[in-house]
Amino acid sequence: MQVKAPRGTYDVLPPDSQKWQYIEQVIQETARLFGYSEIRTPIFEHTELFERGVGETTDIVTKEMYTFQDKSNRSLTLRPEGTASCVRALIEHSVYGGLMPVKWYYSGPMFRYDRPQTGRFRQFHQSGAEVFGSNSPYLDAEVIMFLVQILSNLGLRDYELHLNSVGCPLCRESYRQKLIDHISPVKEKLCIDCQSRYEKNPLRVLDCKVESCHQAIAGFPYIYDSLCDDCQEHYILVKATLEDSGINYLHDNNLVRGLDYYTNTAFEIHIPSIGAQSAVGGGGRYNGLVKACGGPDIPGIGFALGMERLLLALDSLPDREEPNSKLDVFLAVLDEKYDNQAMQVLDRLRKAKIMVDRDYTGRSMKAQMKYADKLGARIVILMGEDEVNRGCFTVRNMSSREQLEVQTEQLIPAIIDILT
RNA sequence: GUGGGUGUAGCUCAGCUGGUUAGAGCACCAGAUUGUGGCUCUGGGGGCCGUGGGUUCGAGUCCCAUCAUCCACCCCA
């Protein structure tokens, strides 16, 4: 039986890898403009980091983690998201002791044991950003502007920005009580999942998509109405800043992010056209997280983008012109006795920054011409007996079909002349 | 974890109610006179018909299981 890539994983082959390079490049450039520097963290961490940092009641921790024992019986977990590792690194290296705020971005694979479907894999890729050390609502706005700028630079237009505030621990507690008061009379009508959600984290009952649960909790209070004065002001400033920047958003009372550590601003980007898994990005503020992970009481905010979902959205766009991967020059070697000399020619051209390739499978001249054509070569250099004896090359312009003979020392200038 | 669809050549697929050596298009390779590409023509290589069992004189085709994949649910990126 043939060995195949494990379930929920896949290979990125050329030319698809070019699309990945393109997205990563756009993110890098945008990050630089916004003043974010790259951080690279391990792909696995101690399991307890995610249990504490992501939240023990979340689906990610309860059923989706790739956890294993190493040879010393440590419990390790393939990272399911990027924030926890950033927080760990911030604390471990006392980065907060330096210049604040700390503005990081990252890109890389994440792992969740889920059933694969459109836009969902077991090894998937996220790029994200994290900022530590400021509770300014203008920073919330900047983080969202960063995210939106990436989408815009990629040429994506038809996205929805959903926005909400989940408040601070204070207003969240009063809201939680209001919600419990509202739900408890109809508790029996909820689905099994919601009954356990009600026990563990009542806020997540609001996320349920079961119709009967929707009806049962109709008229539930919104957290927005329970926000304390500070949280309200914070949220208003975030919204006003976005409005002034011309960023459209939808206030979404039902947006209660699945991760436990979020406070205040929460947001998600949806592109409905890519399928059921339409969230291409999401994030929010997590002011309690650093402390919860054993660090000082430092506020944080961040987001993550799903690369596979971005790719899906990009695929439905009109074709972007591919980066120039076509060959400049093909060197046709007409007799194997010139193989060695041919390698010297390749070397010279490449050192002159000319993109050049040749055949290594012993093709006939005609086949080499065909091959060169398929590689998209703009020029073919012919190197046969005539040329070698006379110390020259035949240079063929593939689009005009014109050929000229050039002396060895004139080869590079002649090629550059045709290419430019 | 649950439900449904699909597994035949490198890719996209055909193969009617079970019946001889399993096909097409594309791709790949080679030719169409001497050292010249795109178009056309001719030829060629490639398939344990996902895997394992079962029914049958006979299975790509029917039944069961299993694996993979796709779509959806849950949840999220």
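A note on names: the letters A, B, ... follow the listed sequences, proteins ahead of strands, and every chain is numbered from 1. Nothing here was measured: the structure is a model prediction, and the numbers come from that model.
Using a 4.0 Å cut-off between charged nitrogen and carboxylate oxygen, Asp59(A) and Arg112(A) do not count as a salt-bridge pair.
Residue Tyr371(A) contributes atom OH, which lies 17 Å from atom C1' of rA30(B) at whole-angstrom precision. Between Glu130(A) atom CD and rA77(B) atom C1' the separation is 13 Å, expressed in whole Å. In this structure, Leu331(A) places its CG atom 17 Å from P of rU36(B), rounding to the nearest Å. Separating the CD atom of Gln368(A) from the C1' atom of rG38(B) is a distance of 17 Å, rounded to the nearest angstrom. Taking atom CE of Met65(A) as the reference point, atom P of rG1(B) lies 17 Å away to the nearest angstrom. Between the CD atom of Glu81(A) and the C1' atom of rC76(B) there is a distance of 11 Å, rounded to whole Å. Between the CD atom of Glu64(A) and the C1' atom of rC75(B) there is a distance of 6 Å, given to the nearest Å. One can place CD1 of Ile271(A) at 15 Å from P of rA77(B), the figure rounded to the nearest angstrom.
Rounded to the nearest Å, the gap between the C1' atom of rG50(B) and that of rU69(B) is 10 Å. Between the C1' atoms of rC28(B) and rA68(B), the separation comes to 27 Å (whole Å). Taking the P atom of each, rC11(B) and rC49(B) are spaced 15 Å apart, rounded to whole Å. Only the P atoms considered, rC39(B) is 13 Å distant from rC29(B), to the nearest whole Å. The separation of rC48(B) from rU40(B), taken at their P atoms, amounts to 31 Å, rounded to a whole angstrom. Going from the P atom of rU66(B) to that of rG5(B) covers 16 Å, rounded to whole Å. A distance of about 22 Å separates the P atoms of rG1(B) and rC64(B), rounded to the whole Å. For the C1' atom pair drawn from rG45(B) and rG3(B), the interatomic distance equals 44 Å after rounding to whole Å.
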Pair assignment for RNA chain B - dot-bracket with | for other-strand partners, Watson-Crick or G-U under 3.5 Å: (((((((..((((.....[...)))).(((((.......))))).....(((((..]....))))))))))))....

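A distance of 9.5 Å separates CZ of Phe330(A) from CG of Leu346(A), quoted to the nearest 0.5 Å. The line from CG of Asn254(A) to CG of Asn164(A) is 8.5 Å long, rounded to the nearest 0.5 Å. Taking CD1 from Ile269(A) and CG from Leu147(A), the interatomic distance works out to 4.5 Å, rounded to the nearest 0.5 Å.
Under the rule for a side-chain hydrogen bond (donor to acceptor under 3.5 Å, both in side chains), Tyr106(A) has no partner lying at least two apart in sequence or in another chain. With sequence neighbours left out, Phe121(A) forms a ring-ring contact (aromatic ring centres under 6.0 Å, His included) with Tyr10(A). Here Ser134(A) pairs with nothing under the side-chain hydrogen bond (donor to acceptor under 3.5 Å, both in side chains) rule; sequence neighbours left out. By the salt bridge (Lys or Arg N to Asp or Glu O under 4.0 Å) test, Arg32(A) pairs with no residue at all, sequence neighbours left out. Under the rule for a side-chain hydrogen bond (donor to acceptor under 3.5 Å, both in side chains), Gln410(A) has no partner lying at least two apart in sequence or in another chain. For His251(A), the ring-ring contact (aromatic ring centres under 6.0 Å, His included) partners at least two apart in sequence or on another chain are Tyr224(A), Tyr235(A). With sequence neighbours left out, the side-chain hydrogen bond (donor to acceptor under 3.5 Å, both in side chains) criterion links Arg115(A) to no other residue.
As judged by a 4.0 angstrom heavy-atom cut-off over every strand, Glu308(A) is placed among residues making no nucleic acid contact. If you check every strand for non-hydrogen atoms under 4.0 Å, Tyr10(A) touches nothing. Counting non-hydrogen atoms under 4.0 angstrom, Lys63(A) reaches a base of the nucleic acid. Contacts of Leu382(A) with the nucleic acid, taken as non-hydrogen atoms under 4.0 Å apart, include base atoms. Using a 4.0 Å heavy-atom distance criterion, Leu305(A) is classed as making no nucleic acid contact. At a threshold of 4.0 angstrom between heavy atoms, the contacts of Gly8(A) are confined to the sugar-phosphate backbone, with no base atom among them.
Between Gly119(A) and Ala377(A), the residue anchored closer to the 5' end of RNA chain B is Ala377(A), taking for each the nucleotide with the nearest heavy atom. When each of Val280(A) and Ala276(A) is assigned the nucleotide of RNA chain B bearing its nearest heavy atom, the one mapping closer to the 5' terminus is Ala276(A).
For rU69(B), one of the phosphate oxygens OP1 or OP2 lies less than 4.0 angstrom from a side-chain nitrogen or oxygen of Arg7(A). OP1 or OP2 of rC73(B) sits under 4.0 Å from a side-chain N or O of Gln277(A). Taking only side-chain nitrogens and oxygens, Gln117(A) comes nearer than 4.0 Å to OP1 or OP2 of rC73(B). One finds no side-chain N or O of Lys366(A) lying less than 4.0 angstrom from the OP1 or OP2 phosphate oxygen of rA30(B). Taking only side-chain nitrogens and oxygens, Lys4(A) never comes nearer than 4.0 Å to OP1 or OP2 of rU51(B). Arg115(A) has no side-chain polar atom (N or O) that falls below the 4.0 Å cut-off from OP1 or OP2 of rA72(B).
Here Phe124(A) lies parallel enough and close enough to stack on the base of rA77(B), with planes under 30° and ring centres under 5.5 Å apart.
The side chain of Glu387(A) lies closest to rG35(B) when the candidates are rC73(B), rG35(B), rU36(B). When distances run from any side-chain atom of Met365(A) to the nucleotides rA30(B), rU36(B), rA77(B), the shortest one goes to rU36(B). Counting only heavy atoms from C-beta on, Thr118(A) has its side chain closest to rC70(B) among rC29(B), rA77(B), rC70(B). Which of rU36(B), rC76(B), rC75(B) sits closest to the side chain of Met369(A) comes down to rU36(B). Nearest nucleotide to the Ala367(A) side chain, out of rA77(B), rC70(B), rA30(B): rA30(B). Closest approach to the Ala304(A) side chain among rC75(B), rG1(B), rA77(B) is made by rA77(B) (side chain taken as heavy atoms from C-beta onward).
Of the candidates Phe124(A), Phe68(A), Tyr66(A), Tyr66(A) is the only one forming a ring pair (Phe, Tyr, Trp, His ring centres under 6.0 Å) with Tyr113(A).
For the residue pair Glu130(A) / Tyr36(A), no side-chain donor-acceptor distance below 3.5 Å is found, with atom types taken as modelled.
Contacts between residues 388-400 of chain A and RNA chain B, defined by a heavy-atom separation below 4.0 Å, involve Arg396(A), Met398(A), listed by number.
One donor-acceptor pair, N or O on each side, does fall under 3.5 Å between the base of rU36(B) and the side chain of Gln403(A). Between the side chain of Arg363(A) and the base of rC29(B), no donor-acceptor pair of N or O atoms lies under 3.5 Å.
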